[in-house]
Structure formats: structure tokens, C-alpha cells
Amino acid sequence: FKSSSMSKRLILAINPGSTSTKFALFEEENLIFEKTLRHTFEELSGFNKVTDQFHFRKDLIMKELAGQKIDFSAIAAVVGRGGLIKPIESGIYEVNKKMIDDLRTGILGQHASNLGGLIADDIASSLPGAKAYIVDPVVVDELEPVARISGHPAFERVSIFHALNQKAVARLYAESVNRKYEEMNLIIVHMGGGISVGAHRKGRIIDVNNALHGDGPFSPERSGGLPSGQLV
């Protein structure tokens with residue numbers, strides 16, 4: 001694909017999930033190409049930790065893009081799904097060294113989303129003028145104080161969930177009914193390797209289950225809530 005105008009640059013978006021790698025190429029807001037690669041348990045079981053999957057997943061992306069005859073020089077931004085960095089507000093963040101270090105070490109844990117910023121940065125660094133970003137990482141924290149209360153004083157509920165998809169779906173729905181996301185109250189559910197259920201109030205996710213550590217519904221890769229007496 002050749003960019004039709006020098007003023008229009010390409011955006012490569014990458015979304016690594018626990019059981020898939022999704023990526024797409026956009027010219028401004030127009031979708032040019034998209035692909036979803038599913039990963040079996042057998043494919044991923046040979047990696048000791050998530051970050052060991054870096055080259056495996058990046059190589060699959062680059063192979064698919066090469067087959068599409070992409071004009072890589074027209075890519076202005078490579079955007080990855082944000083991973084387990086320290087809690088931050090919803091938004092778009094440029095990848096920097098501190099973020100890369102936190103993603104590599106798994107400062108808040110290991111998850112496939114940690115690969116988003118790492119792969120985006122690696123690809124962008126090989127493209128002249130391109131920059132790497134993450135958007136709405138899984139640690140977006142907009143919880144109300146009351147939502148942090150758990151059933152025991154030693155434990156505070158934390159915000160780890162599929163923020164990228166929940167925010168995107170909320171905005172798409174708002175657009176479909178000709179309203180602004182920031183003016184609506186919504187319940188949004190992400191269903192994948194993990195499941196998260198978020199309460200959205202006026203553009204902020206004020207309550208959501210910790211979808212990384214098994215809180216909420218059980219799923220293909222989460223235990224869900226367990227009876228604590230039996231667990232002990």
C-alpha cells in the first residue's frame with residue numbers, strides 16, 4: 001500500500017492478548033488492513049514468561065505486514081496496547097525508557113499486554129521519524145474511593161482490566177446513538193481470555209473487577225471468584 005498523500009501518514013496499532021495478537025494499519029481514521037492471530041496453549045507453553053514471547057509475536061506481525069507490501073516509510077506512529085505499568089489516568093502516552101524497563105521487569109505482573117509497548121517501541125525505532133505510543137493501558141485507574149473497599153481491611157481493590165477495549169467500545173456506542181461518552185452512564189463488558197465488567201459514569205470507569213487476578217467472572221484463563229473458606 002502506498003500513501004496517497006504526504007500529508008496522510010499511517011498508524012500501526014498492535015493489541016497483544018493472552019490468547020491472540022491483533023494488529024491493524026490505518027491511514028488517519030480509515031482502516032487499511034487488519035489481522036487477528038490466535039495462539040494455542042501449545043504455541044505459548046514453551047515460553048517461561050510473557051516477555052519471552054516478544055520475538056515470536058513481533059516476527060508474526062512483521063511477516064504479515066511484509067505480505068501486504070506495506071510502505072513502512074509512511075508509518076508515523078506505532079501504537080501498542082498498554083500493559084502493567086504503574087496506575088495512570090486514561091489517555092495516550094509516548095513510550096519511554098522508564099516505561100520499557102517497567103514492562104520488561106513486569107513491575108506489576110506478567111501479562112501479554114506488556115508486549116504492546118515493547119513491540120511498538122522496537123518497530124518504531126527502526127522507522128525514520130516514527131514514534132511509539134500506548135493507549136489506555138490495563139492499569140487505567142479511575143475508581144471511586146468506595147470502589148477500593150474490599151471485605152477485609154488488609155486488602156484494597158485495585159484497577160486492572162481491559163481499559164483499551166472498554167473505552168473504545170464505550171466511545172463507539174456513544175457515537176452510534178449521537179451522544180458524547182462523557183455524558184453517558186454505561187456498563188461495558190470485555191469477554192476474552194479474561195473478563196472485565198466496568199461501570200462507566202460520565203467518561204470515567206468508577207468500578208471494575210480486577211480482571212488480571214481472577215476477580216469477577218471465571219473465563220478461559222481466570223478462576224473467577226472462589227469460596228474463600230475452601231480456598232484457605
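Values below: every heavy atom of this structure, side chains too, minus hydrogens, waters and symmetry copies.
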Query - N-O pairing of Arg148 and Asp141 below 4.0 Å - result: yes
Query raised in the report: Charged N to carboxylate O below 4.0 Å: is that the case for Lys86 and Asp102?
Result: no
Query raised in the report: Residues in side-chain contact (heavy atoms from CB on, under 4.5 Å) with Ser113, at least two apart?
Result: Arg81, His111, Val138
**Report entry** Heavy-atom pair with the smallest gap, counting every atom of Met62 and Ile123
**Finding:** SD-CD1, 3.8 Å
Query raised in the report: Do you know the tightest heavy-atom contact between Arg9 and Ala76?
Result: CB-CB, 3.4 Å
Requested in this report: Indicate yes or no for a side-chain donor-acceptor contact from Ser150 to the backbone of Phe155 under 3.5 Å, with no hydrogens or angles considered.
Outcome: yes
Query raised in the report: Do Asn209 side-chain atoms and Ile195 backbone N/O form a donor-acceptor pair below 3.5 Å?
Result: yes
Query raised in the report: Quick one: salt bridge (Lys or Arg N to Asp or Glu O under 4.0 Å) pairs with a partner in residues 32-45, sequence neighbours left out?
Result: none
Decide if atom [atom1] of [X] counts as having more than 12 heavy atoms of other residues, nucleotides or ligands within a radius under 6.0 Å.
X	atom1	answer
Phe47	CZ	yes
Lys202	NZ	yes
Ile187	CD1	no
Tyr173	OH	no

**Report entry** Residues Asn210 and His213: side-chain donor-acceptor under 3.5 angstrom
**Finding:** yes
Query raised in the report: Step by step, would you call Leu12 with Phe26 a side chain to side chain contact (heavy atoms under 4.5 Å, CB included)?
Result: CA-CA 6 Å; Leu12 174 61; Phe26 291 83; over 6 Å; no
Query raised in the report: What's the verdict on side chain to side chain contact (heavy atoms under 4.5 Å, CB included) for Glu144 and Arg201, showing C-alpha distance, side-chain angles and the deciding distance?
Result: CA-CA 10 Å; Glu144 293 283 291; Arg201 185 176 71 188; 3.2 Å; yes
**Report entry** Check against side chain to side chain donor-acceptor pair (under 3.5 Å), Tyr181 and Lys167
**Finding:** CA-CA 9 Å; Tyr181 167 54; Lys167 288 280 185 176; 3.3 Å; yes
